[in-house]
There are 2 protein chains.
Amino acid sequence: MERKEISKAVIGRLPRYYRYLGELIEEGVERISSNELSARMKVTASQIRQDLNNFGGFGQQGYGYNVKYLYSEISKILGIDQQHNVIIIGAGNLGQAIANYTNFERRGFVIKGMFDINPKLIGLVIRGIEIRSVDDLETFIKDNEIQIAALTIPKTKAPEIADRLVNAGIKAIWNFAHTDLVVPDDVVVENVHLSESLMRLSYRVCSMQDQGDGKGEKSSK
Amino acid sequence: MERKEISKAVIGRLPRYYRYLGELIEEGVERISSNELSARMKVTASQIRQDLNNFGGFGQQGYGYNVKYLYSEISKILGIDQQHNVIIIGAGNLGQAIANYTNFERRGFVIKGMFDINPKLIGLVIRGIEIRSVDDLETFIKDNEIQIAALTIPKTKAPEIADRLVNAGIKAIWNFAHTDLVVPDDVVVENVHLSESLMRLSYRVCSMQDQGDGKGEKSSK
DNA sequence: TAGATTGTTAATCGATTAACAATC
DNA sequence: TAGATTGTTAATCGATTAACAATC
């Protein structure tokens with residue numbers, strides 16, 4: 001079974017397809033053509049068909065796609081039909097925000113524990129999840145078959161913790177620290193660099209102003 | 001002023017260049033060649049030169065790039081040399097996490113206010129920022145020249161609030177709600193869809209398992 | 001069957017990498 | 001100057017869009 005390597009661009013779009021299909025299910029829509037979906041999502045129908053056909057034929061000529069079936073197939077592709085055990089390292093606001101977001105559990109991401117170095121936080125329980133000392137990290141990962149660690153700690157601490165996670169056998173790091181982690185090839189790192197996102201927004205705001213919309217504004221260049 | 005349209009891919013990389021240049025400054029490095037930088041960042045030197053030359057020649061043949069100068073030029077390109085007034089709508093954990101992240105202020109993003117509908121939160125003060133009722137939204141935006149709104153509220157409330165923000169003259173929405181906002185062309189929306197990020201991570205974990213522990217080619221970019 | 005719409009191949013477009021002349 | 005390294009053009013690679021035959 002030689003699986004053709006799927007491009008990052010395609011993977012990047014799958015969750016969005018999944019979200020729209022979920023909404024269609026809620027609306028009671030049973031089937032949809034690539035054309036109708038393209039109109040909703042503001043992408044080309046060609047791209048939708050091309051993307052989906054990376055994984056096999058989910059549609060039917062003359063009919064379109066069965067919404068529930070496609071939804072379920074995409075969930076399998078993304079692996080969110082399975083349970084993933086997650087820990088959160090860093091129990092500050094961001095870590096707590098993630099812990100409190102119940103939708104993750106609906107997608108199979110079960111938060112098994114939280115960790116911090118702050119003694120004031122250790123022992124607290126957030127939505128049934130206990131905050132532990134990072135000293136217990138390795139033991140906990142092994143005892144609870146943790147696959148994914150969300151890293152919501154300052155960037156100065158991140159590399160050291162990442163090393164410990166890797167050595168403890170973690171499979172993936174969801175990295176919110178503002179630094180690029182160095183890990184072996186078989187460990188997945190998915191970055192969420194909020195400050196970079198905000199800078200991109202800033203660029204777009206400024207370039208919007210530059211090209212103006214007819215209104216007079218001080219042109220700084 | 002016909003500025004050549006810069007591709008999204010290029011803009012996406014600028015904040016990362018900026019981060020690495022900041023680290024170089026901290027290390028006391030004065031100049032760097034595209035080759036040295038490429039080795040650090042794990043991108044090609046060609047790409048670095050090509051990217052930077054979208055905005056003009058910042059380097060010097062035979063010398064390389066002056067780190068401080070390039071850092072400052074990129075900050076101008078990104079518009080983070082200017083002050084941006086920001087509000088946060090939704091004062092839950094995520095909103096508070098953003099409010100507490102002081103590094104944003106260092107980049108010129110000044111958080112002027114927070115808003116919520118929960119009466120228990122209204123009146124609280126986070127790091128000097130008062131939580132107000134969303135009833136005061138429009139007035140506050142106008143009185144304080146707010147350009148950017150971070151939207152950290154549930155997706156059900158997001159479209160209505162987005163409309164109000166647009167009507168109040170906001171320039172950009174930093175959208176954490178799990179939905180695609182519909183806004184006029186001159187309003188910027190930058191999405192941070194955490195659940196989609198987590199699904200991409202899930203895919204990569206699963207595909208890693210599928211192909212066994214063979215040779216990967218990805219790294220933690 | 002006839003109409004609709006997919007799956008898939010071919011054409012186009014854009015982004016990345018390579019190469020090298022310009023020049024500090 | 002000679003060596004180094006950029007700025008920039010050309011070549012390659014990959015991703016998106018268009019087209020249409022297959023087929024439900």
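Hydrogens, waters and symmetry mates are skipped; everything else that's a heavy atom, side chains included, is used. Quick caveat: nothing in here was measured; it's all calculated off a predicted structure. Here is how names work: the chains are called A, B, and so on, in the same order as the sequence lines, proteins then strands, and each is numbered from 1.
Side-chain atoms of A/Gln47 lie closest to D/dT17 of the nucleotides C/dG7, D/dA15, D/dT17. Set against C/dA15, D/dT16, C/dA22, the side chain of A/Ala9 has D/dT16 as its closest nucleotide. With D/dA18, D/dG7, C/dT17 as the choices, the nucleotide that has an atom nearest any side-chain atom of B/Thr44 turns out to be C/dT17. Among the nucleotides D/dT5, C/dC24, D/dG7, the one closest to any side-chain atom of B/Ser33 is D/dT5. In the set C/dT9, D/dT8, D/dC24, the nucleotide with an atom closest to the side chain of A/Gln50 is C/dT9.
One atom, NZ of A/Lys8, and another, P of D/dA15, lie 12 Å apart when rounded to the nearest Å. The distance between atom CG of A/Leu52 and atom P of C/dG7, rounded to the nearest whole Å, is 8 Å. The interatomic distance linking A/Leu70 (CG) with C/dT5 (C1') rounds to 15 Å, in whole Å. Distance, A/Gln61 CD to D/dC24 P: 6 Å, rounded to whole Å. The separation between A/Asn35 atom CG and C/dG3 atom C1' is 15 Å, rounded to whole Å. If you measure from atom CG of A/Asn54 to atom C1' of D/dA15, you get 11 Å, rounded to the nearest angstrom. One can place CD1 of A/Ile32 at 17 Å from P of C/dA4, the figure rounded to the nearest angstrom.
Note on B/Ser34: every side-chain N or O is 4.0 Å or more away from OP1 and OP2 of D/dT5. The side chain of A/Tyr65 contributes no N or O atom lying less than 4.0 Å from OP1 or OP2 of C/dA4. At C/dT16, one or more side-chain N or O atoms of B/Arg13 fall inside 4.0 Å of OP1 or OP2 (strictly under the cut-off). Between B/Arg49 and D/dT6 there is a side-chain polar atom (N or O) within less than 4.0 angstrom of OP1 or OP2.
The pair A/Glu145-A/Lys171 does not meet the salt-bridge criterion, since no charged nitrogen lies less than 4.0 angstrom from a carboxylate oxygen. Under a 4.0 Å N-O distance rule, the pair A/Lys76/A/Asp81 does not qualify as a salt bridge. A salt bridge does not link A/Lys68 with A/Glu26: every distance from a Lys NZ or Arg NE/NH1/NH2 to an Asp or Glu carboxylate oxygen is 4.0 Å or more.
The six-membered or imidazole ring of A/Trp174 lies away from that of A/Phe109, with a centre-to-centre distance of 6.0 Å or more.
Closest-nucleotide positions on DNA chain D for A/Val10 and A/Gln60 were compared, and the one nearer the 5' end corresponds to A/Val10. When the nearest nucleotides of DNA chain D are assigned to B/Gly56 and A/Val43 by heavy-atom distance, the more 5′-ward of the two goes with B/Gly56.
Nearest heavy atom pair, residue B/Gln96 against residue B/Ala91, reads NE2-O, 3.1 Å.
Remark: the backbone N or O of B/Gly79 is paired with a side-chain donor or acceptor of B/His84 at under 3.5 angstrom.
For the pair B/Arg31 and B/Tyr63, the cation-pi criterion (under 6.0 Å, within 45° of the ring axis) is fulfilled.
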Please tabulate, for the side chains in residues 176-184 of chain B, all donor-acceptor contacts under 3.5 angstrom to protein atoms that are two or more places apart in sequence or on a different chain.
from: B/His178; atom 1: ND1; to: A/Tyr101; atom 2: OH; distance (Å): 2.5
from: B/Asp180; atom 1: OD1; to: A/Arg19; atom 2: NH2; distance (Å): 3.2
from: B/Asp180; atom 1: OD2; to: A/Arg16; atom 2: NE; distance (Å): 2.9
from: B/Asp180; atom 1: OD2; to: A/Arg16; atom 2: NH2; distance (Å): 3.0
from: B/Asp180; atom 1: OD2; to: A/Tyr20; atom 2: OH; distance (Å): 2.6

Read 5' to 3' with Watson-Crick or G-U pairs under 3.5 Å, [ ] for crossing pairs and | for partners on another strand, DNA chain D gives ..||||||||||||||||||||||

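Applying the 3.5 Å distance criterion, the base of C/dA18 shares a donor-acceptor pair with the side chain of B/Ser46.
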